2 protein chains.
Amino acid sequence: MKDQSTEENILNAAISVFQKKGMAGARMQEIADEAKINKAMLHYYYKNKQKLFEAVFRQAFEKFAPHINEVFNSDKSVFEKIIKFTDSYISFVMENPYLPNFLIQEINNNTEFANLFFGSEIAPNPIRFEKQIEEEIEKGIIKPIDPKQLLLNLFSLTAFSFVGTGLVRGILNLDEKKFKTMMEERKIMIPELLINSIKK
Amino acid sequence: MKDQSTEENILNAAISVFQKKGMAGARMQEIADEAKINKAMLHYYYKNKQKLFEAVFRQAFEKFAPHINEVFNSDKSVFEKIIKFTDSYISFVMENPYLPNFLIQEINNNTEFANLFFGSEIAPNPIRFEKQIEEEIEKGIIKPIDPKQLLLNLFSLTAFSFVGTGLVRGILNLDEKKFKTMMEERKIMIPELLINSIKK
DNA sequence: ACATTTATTAACCATATGGTTAAACTATTT
DNA sequence: AAATAGTTTAACCATATGGTTAATAAATGT
């Protein structure tokens, strides 16, 4: 571990605590403890809990969005993008297991605040991809489908396992090893499933 | 609205508040207000917040599980079960929009407690369905696939939209009407997608 | 070296929150 | 009708929690 500025320490501790416990469950004292500083420092660098939360949310949002944009705004084919996104997203989330759930949770609980982000530059923006899907449909490369439904299928199949980990593992009776194996398999299986359903 | 016993009032109020705000975000006073009774009554009928939460969790779990079991333990074919489950689950969740997210959230935050339920009678138990899938594979009716992966696809495609409503609507830029329309379409589209991927 | 700004802490404070209690009110029993 | 048991409330209580303050320590500028 390298020396970090106090402000960075605080943000990292806040990320850790907020992502695990959410806004309502997080405690300022716990964040201070994890950052190994006095609680007053939190308010010195970040005015209050809400502001600190917003910094954490912004960081999470900014970390998450590129995984959608990079893939979707590249100049690859629809098929290639589906393959690339699945692999890149599952790998990313396996390294950041709390992130999708945190985002989903806080967006649901704080829709108006979250909508500030969806308007912005950094927001995931699949519009170009949606257009591309329509173009490939017109060209006869893929079968007709609502681009938004295709995207929703892609997001659902990749993300749900991580958001609902506990429920999934409980119902399907999966230990951690089996779960991870399945996630690796899904990197191949999901694109196959989706591409197969739209290719002519 | 019919007259309900105070205990029922409390449980209903608790369901409403806990499902929207989760264990950490829920306030005993808010539950009392919603039930229109004195806060002390909560402790009269339910010892403490934890116990009240557990009653709510149990109710949610018991309400949710049959939608999996009824379909999966019927004597229909795999194809028919996929069709039935999708329709029944999406309809159910559109009427109970907070339920899946609440369960997922609290199972994630309280794995050991939740595991008490996964062992029990009422737990969603897809083992018979998994065996049926293997049988139909052997009989050559459907293509080889890990039954657990098929189930995970089914759960993902049906549930994710409701768990990540805010994120989905934000990214895909959906108003409430369009979202609902898409959910209706998915009752048809999801079984098509899944059946098509496994039928020979 | 001295002054000034910046960073950090211990001790506090106000309020929110889960929980308790004693009294009152309402059936129910005898 | 009196006694008993069950239900409900207002007022409290202890603690947790977010936030502040005043004093101190460390860094920076002159």
Side-chain angles (χ1 to χ4, degrees), chain A residues 1-60 98 102 105-106 108-110 112-114, chain B residues 1-60 98 102 105-106 108-110 112-114:
Chain A
M1 302 244 198
K2 225 186 80 188
D3 259 342
Q4 295 170 336
S5 74
T6 303
E7 192 171 351
E8 283 175 302
N9 273 334
I10 291 174
L11 187 60
N12 286 331
I15 288 168
S16 164
V17 173
F18 273 120
Q19 287 193 6
K20 280 178 205 150
K21 313 217 164 164
M23 172 65 175
R27 294 290 164 257
M28 296 296 270
Q29 188 59 58
E30 190 180 349
I31 295 170
D33 291 346
E34 185 144 334
K36 284 172 190 148
I37 43 96
N38 188 288
K39 186 161 63 88
M41 296 305 288
L42 301 179
H43 298 90
Y44 183 74
Y45 287 103
Y46 300 87
K47 187 169 177 48
N48 53 35
K49 191 185 181 183
Q50 180 63 30
K51 286 273 185 293
L52 183 52
F53 166 78
E54 287 173 12
V56 171
F57 184 90
R58 168 169 285 104
Q59 192 268 2
Y98 293 103
F102 169 76
Q105 223 42 42
E106 302 304 332
N108 283 342
N109 292 335
N110 213 333
E112 42 198 323
F113 170 68
Chain B
M1 302 243 197
K2 224 187 78 188
D3 260 340
Q4 295 170 338
S5 75
T6 304
E7 192 171 348
E8 283 175 304
N9 273 333
I10 291 174
L11 187 59
N12 286 330
I15 288 168
S16 164
V17 174
F18 272 121
Q19 287 192 6
K20 282 179 202 147
K21 314 217 163 163
M23 173 65 176
R27 293 291 163 256
M28 295 296 269
Q29 188 59 60
E30 191 181 348
I31 295 170
D33 291 347
E34 185 143 335
K36 285 171 189 148
I37 43 95
N38 188 287
K39 185 160 64 86
M41 296 307 287
L42 302 180
H43 298 90
Y44 183 74
Y45 287 102
Y46 300 87
K47 188 172 175 50
N48 54 34
K49 191 184 182 185
Q50 179 65 28
K51 286 274 184 292
L52 184 51
F53 165 78
E54 288 173 11
V56 170
F57 184 89
R58 168 168 287 106
Q59 191 269 3
Y98 292 103
F102 169 75
Q105 224 43 42
E106 301 305 332
N108 283 341
N109 293 334
N110 213 334
E112 43 198 321
F113 171 68

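On a predicted model such as this, the values are computed, not experimentally measured, just so you know. Excluded from the calculations below are hydrogen atoms, water molecules and symmetry mates; all remaining heavy atoms, backbone and side chain alike, are included. Convention: sequence-line order gives letters A, B, ...; per-chain numbering from 1.
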What closest approach, in Å, do A/Met28 and A/Asn48 show between heavy atoms, and which atom pair accounts for it? CE-C, 4.3 Å
Nucleotide interval of DNA chain D bounded by contacts with chain A (heavy-atom cut-off, under 4.0 Å): D/dT17 to D/dT21
Could you check whether any side-chain N or O of B/Lys49 sits under 3.5 Å from a backbone N or O of B/Met23, counting only pairs where one atom can act as donor and the other as acceptor? yes
What do you reckon, are the aromatic ring centroids of B/Phe57 and B/Phe113 less than 6.0 Å apart? yes
Nearest 0.5 Å please: distance from the CD atom of A/Glu8 over to the CD1 atom of A/Ile15. 10.0 Å
Point-to-point distance, once rounded to the nearest 0.5 Å, from CZ of A/Phe102 to NZ of A/Lys20: 13.0 Å
Decide yes or no for A/Ile10 and A/Leu42: does some side-chain heavy atom of the first lie under 4.5 Å from some side-chain heavy atom of the second? yes
A/Phe18 ring center near A/Phe53 ring center (under 6.0 Å): yes
Of the residues in residues 19-34 of chain B, which ones touch DNA chain D at a heavy-atom distance under 4.0 Å? none
Scan residues 36-49 of chain A against DNA chain D and write down, sorted by residue number, each residue with any heavy atom closer than 4.0 Å; if none is found, say none. A/Lys39, A/Ala40, A/His43, A/Asn48, A/Lys49
Please tell me whether B/Asp33 and B/Gln29 have a donor and an acceptor in their side chains that are separated by less than 3.5 angstrom. yes
Would you say A/Gln19's side chain and A/Ser16's backbone share a donor-acceptor pair under 3.5 angstrom? no
Are there more than 12 heavy atoms of other residues, nucleotides or ligands under 6.0 Å from atom OH of A/Tyr45? yes
